[in-house]
Amino acid sequence: MLLQLLKSRFAAALQPLTDDIESSLEMIRPSQDSRFGDFQANMAMPLGKKLGLPPRDVARKIIDGLDTAGLCYEPEIAGPGFINLRIKEELLSDLLQKCLTDTERLGVTVVAPDKRKRIVVDFSAPNVAKEMHVGHIRSTVIGNALQRMLRFYGHDVITDNHIGDWGTPFGMIIYGYRNLLDKAAFDKNPVTELGRIYRKVRGLVDGDGEEAAAVGKAVLDETAKLHHGDPANVELWRLILEHCISEIDRIYSRLNVSFDHTLGESYYNPMLPEIVENLLKDGIAKESDGAIGIFLDGEDEPPMLIRKKDGAFLYGTTDIATIQYRMKNWQPDAILYVVDFRQSLHFKHLFAAARLMGVSESVELTHVKFGTVLGEDNKPFKTRSGDTVGLEGLLDEAEERALAVVVSNDSDNQLSETERHETARRIGIGALIYADLSQSRESDYVFSYNKMLAMNGNTATYMQYAYARVRSIFAKGNVNVETLRGGDSTISLTEPQERALALELLKFDEAIEMSLRDYRPNMLTSYLFDVANRYSTFFDACPVLKAQDEATRTSRLLLCDLTARTIAKGLELLGIETVERM
Ligand code: ARG
């Protein structure tokens with residue numbers, strides 16, 4: 001909000017000096033050190049070079065042309081030509097006032113109409129025949145946070161869960177269902193039994209010797225029969241799929257995630273033969289050794305295969321069909337794929353193929369990639385027996401451990417048993433989501449329950465605690481914030497800690513914008529962490545309920561209110577709930 005205002009004033013001042021105003025405006029940033037003002041504008045150095053003038057002179061020229069009225073104090077030129085800016089307190093108060101009354105958006109503006117886009121977010125997308133494991137949490141929570149932020153920012157978002165519901169794992173279950181099913185167990189708990197037979201068959205196939213080969217072949221036969229529409233296999237597949245979907249839905253509801261569409265791989269299957277024929281006809285795909293591929297890196301490099309020698313289609317063929325479908329039916333301006341970095345080559349090929357097929361360069365195709373979840377031994381996160389860790393168990397354990405935190409905090413038994421469990425649920429799930437989002441998404445991240453549930457540091461627990469603490473002030477002081485907010489009391493900033501908190505609160509919109517610029521939710525988590533820290537410094541230095549006079553007390557209560565709501569909104573955008581007491 002503030003930065004926006006600064007930029008528009010600077011744009012006018014820069015007009016006579018450069019045609020590339022945009023890149024100069026990028027050089028206005030919050031100051032690292034408050035002694036150098038609140039913001040620093042550093043464009044005088046590169047501009048000076050370009051104009052052949054001493055940067056300090058250029059800085060002077062910029063300042064002379066800058067309309068500072070109602071914005072900041074007289075700017076200072078420092079060092080080689082930095083422009084230091086200190087915002088006027090009245091402006092800070094005015095802007096805070098606007099945020100206070102703007103209950104829904106807290107002053108965050110909606111994207112300009114000409115920048116509004118229709119964006120497809122392809123995320124989560126597990127292979128549903130297998131149990132969802134720790135690897136899926138990243139796509140699910142990153143994708144969910146992005147789609148929430150994009151919507152909040154005013155884009156037209158379509159979410160699509162491109163589940164794997166058609167591959168060999170289904171052939172395995174079909175084979176297992178026919179040959180290894182424990183009917184009684186299935187009747188009692190179909191999902192568990194299906195999981196068991198999947199693992200059993202997988203184990204058989206992965207073994208060696210004759211049995212492995214025979215089962216492997218049988219599985220491929222079942223899969224092929226399914227793909228060719230064999231009625232019995234299709235019926236069995238439907239039955240199995242239904243159970244698989246109800247299983248993932250349970251996890252989604254625990255994570256508070258939902259999708260506009262769930263068009264899995266099977267949905268595109270009927271379209272594949274024609275797509276390959278058309279690509280051949282258009283000269284985009286070529287035959288090579290009986291298989292069909294798209295040669296993207298020249299004839300000498302391996303092509304992106306779209307039909308195997310035996311006639312089977314591939315993951316990539318389905319993704320080509322999916323892009324075509326999305327372009328035709330949704331006409332998006334962007335498609336984001338929130339998928340593990342290990343699929344980088346696949347997406348590189350897919351995007352190149354899409355361009356050949358006529359998807360305009362103006363349509364953004366982005367692989368929002370992320371790294372691996374590691375255990376505390378820095379190796380891919382596995383259970384002791386070496387299995388991948390199931391997502392459900394992870395959620396259970398996070399909630400259990402959160403309960404221990406809640407109970408130990410609640411030594412004076414303020415919470416009922418139900419409240420304790422509900423609080424633990426929110427804290428446990430929140431911790432899990434936040435721990436993931438607060439990492440730079442491209443790096444691998446080390447999973448640790450202790451770290452994610454820490455009451456101090458950059459965790460959801462710390463943020464939820466900060467929120468609950470603010471709320472408890474209102475309860476303790478018997479303050480009705482609603483009336484306070486709507487009344488005509490104002491925020492006045494006299495103490496440096498108040499001012500620092502105010503400045504931070506006014507950066508909310510930038511934090512969201514920054515997160516969306518390169519699809520990095522960790523920009524928002526760092527921001528929330530900064531807010532919580534500024535709040536804590538403020539709270540230590542400035543008495544609120546016991547402030548020296550009524551006006552100061554009200555002003556500080558309003559700051560508290562805005563802090564609480566900024567944290568709550570920020571967490572909500574990340575898919576995390578708050579708690580009133582903990
Ligand atoms: N099901 C795939 C997997 O688990 C991810 C799908 C991602 N989306 C896509 N359009 N390819 O690896």
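FYI, side chains are in, hydrogens and waters are out, and symmetry mates aren't considered; it's all heavy atoms of this structure. Just so you know, ligand 1 is whichever comes first in the structure, and atom 1 is the first atom listed for that ligand. Given the structure is predicted, the values throughout are model-derived calculations rather than measurements.
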Might you confirm whether atom OH of Tyr465 has over 12 heavy atoms from other residues, nucleotides or ligands at distances under 6.0 Å? no
Write down, by chain and number, every protein residue that brings a non-hydrogen atom to less than 4.0 Å from an atom of ligand 1. Asp122, Ala125, Asn127, His162, Tyr315, Asp319, Tyr337, Val339, Gln343, Phe347
Under a plain distance cut-off of 3.5 Å, with no hydrogens placed, do Arg196 and Asn189 share a side-chain donor-acceptor pair? no
Evaluate the ring planes of Tyr527 and Phe508, with Trp represented by its six-membered ring, and classify them as parallel (under 30°), tilted (30 to 60°) or perpendicular (over 60°). parallel
Indicate yes or no for a side-chain donor-acceptor contact from Glu211 to the backbone of Asp208 under 3.5 Å, with no hydrogens or angles considered. no
Centroid separation Tyr315 to Phe313 less than 6.0 Å: no
Can you tell me which residue pairs pass the ring-ring contact (aromatic ring centres under 6.0 Å, His included) test with a partner in residues 244-292, sequence neighbours excluded? Phe123-Phe259, His162-Tyr268, Tyr252-Phe259, His261-Trp330, Tyr267-Tyr325, Tyr268-Tyr325
